[in-house]
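The block underneath contains the structure these notes are about, expressed in structure tokens.
Chain letters run A, B, ... following the sequence lines, proteins first, then strands; residues in each count from 1. Note that the structure is a prediction, hence the values are computed from the model and not measured.
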Amino acid sequence: GAGVSQSPSNKVTEKGKDVELRCDPISGHTALYWYRQRLGQGLEFLIYFQGNSAPDKSGLPSDRFSAERTGESVSTLTIQRTQQEDSAVYLCASSPRTSYTGELFFGEGSRLTVL
Amino acid sequence: SQQGEEDPQALSIQEGENATMNCSYKTSINNLQWYRQNSGRGLVHLILIRSNEREKHSGRLRVTLDTSKKSSSLLITASRAADTASYFCATDVSKAAGNKLTFGGGTRVLVKP
């Protein structure tokens, strides 16, 4: 596709369940980012991939959060044993840049609601 | 605390007026970027200014950067109702461990027709 694609666009889950969020970056973009945005707030960095490796996982809030990327393409963010405070929009972005952080291309986000 | 902090948090203006918002940050940067987010949507890149640049223009947008004060401003001239959105500054503090943008809390702009 032409842009960054995220699925699902909306997810409602019960507390304690696991969820998987998917991101398809722009073809050829080597850098991929996950951010979290709580209602009315700014973006909180979660993790960054360069190719399939993750040089910076510093933003993952707890060991319930994990992410992987395969084939230098699709990435999955997994949240285990979801809690109500995990409710947010999870935004994925990709970039062709490697030597510095240039323009990020964002998807529309996955809105997660934990009941 | 956040690297970038926008000011004001919210701004309401009439169509045709100029909108100015500011961003302050704490550490040295490689570049600073501004993004726009319409309600319920993803972010869209507006402009990037490098640490060795002081001013940059793109259409009705003007961005300044003062590295001595660790601050930037975004000016939208002759605003339109379609400019209603949240605007975020983001700083690049890339280091050996990897690259990332750190975003501020945003300025919510309402342009009234």
Side-chain angles (χ1 to χ4, degrees), chain A residues 2-7 9-10 23-26 29-60 67 69 88-111, chain B residues 1-10 21 23-25 27-53 56 58 63 85-110:
Chain A
V4 177
S5 177
Q6 292 189 246
S7 62
S9 55
N10 275 287
C23 173
D24 283 272
I26 293 173
H29 281 195
T30 56
L32 186 147
Y33 304 78
W34 284 99
Y35 286 87
R36 179 170 70 180
Q37 185 178 32
R38 291 200 167 98
L39 186 64
Q41 304 293 312
L43 276 68
E44 177 187 1
F45 171 80
L46 297 179
I47 189 169
Y48 152 73
F49 286 93
Q50 183 58 45
N52 292 336
S53 65
D56 192 346
K57 303 180 183 179
S58 62
L60 293 177
R69 187 181 187 193
V89 176
Y90 290 82
L91 291 160
C92 176
S94 68
S95 171
R97 298 288 183 187
T98 57
S99 59
Y100 68 94
T101 310
E103 174 185 354
L104 298 190
F105 295 80
F106 280 86
E108 296 288 296
S110 291
R111 181 177 300 275
Chain B
S1 61
Q2 290 176 326
Q3 159 76 329
E5 296 286 349
E6 284 93 339
D7 171 60
Q9 291 187 336
M21 59 211 86
C23 170
S24 60
Y25 57 92
T27 64
S28 296
I29 60 172
N30 297 316
N31 65 63
L32 185 144
Q33 303 178 35
W34 286 91
Y35 287 78
R36 183 184 72 206
Q37 184 180 36
N38 288 77
S39 182
R41 307 297 299 274
L43 278 74
V44 174
H45 180 265
L46 295 176
I47 198 164
L48 180 155
I49 187 164
R50 300 184 192 281
S51 59
N52 61 353
E53 296 176 311
K56 206 161 182 180
S58 176
V63 169
S86 291
Y87 292 82
F88 295 88
C89 70
T91 50
D92 169 26
V93 291
S94 299
K95 54 188 188 296
N99 304 343
K100 68 183 181 187
L101 289 184
T102 304
F103 286 80
T107 294
R108 293 184 301 280
V109 175
L110 172 63

| If you round to the nearest 0.5 Å, how far is CZ of A/Phe106 from NE2 of B/His45? | 10.0 Å
| request: Starting at CG of B/Asn38, measure out to CD of A/Glu108 and round the result to the nearest 0.5 Å. | output: 9.5 Å
| note | Heavy-atom closest pair (B/Phe88 atom, A/Gln37 atom, distance to 0.1 Å) is CZ-NE2, 3.6 Å
| said: Within the 4.5 Å heavy-atom criterion, are B/Leu43 and A/Tyr35 side-chain neighbours or not? | reply: no
| note | Which of B/Leu101, B/Asp92, B/Val44 passes side chain to side chain contact (heavy atoms under 4.5 Å, CB included) with A/Leu104? It is B/Leu101
| Using non-hydrogen atoms only, which part of A/Glu44 is less than 4.5 Å away from chain B: side chain, backbone, both, or neither? | neither
| note | Closest non-hydrogen contact found for A/Ser58 with B/Lys100 is OG-NZ, 3.6 Å
| field | Minimal non-hydrogen separation, B/Gln33 against A/Gly102, with atom names | value | NE2-O, 3.1 Å
| field | Flag if over 12 foreign heavy atoms under 6.0 Å of NZ, A/Lys57 | value | no
| field | Structural part of B/Gln9 lying under 4.5 Å from a heavy atom of chain A | value | neither
| said: Atom CZ of residue position A/Arg36 - does it have more than 12 heavy atoms of other residues, nucleotides or ligands inside 6.0 Å? | reply: yes
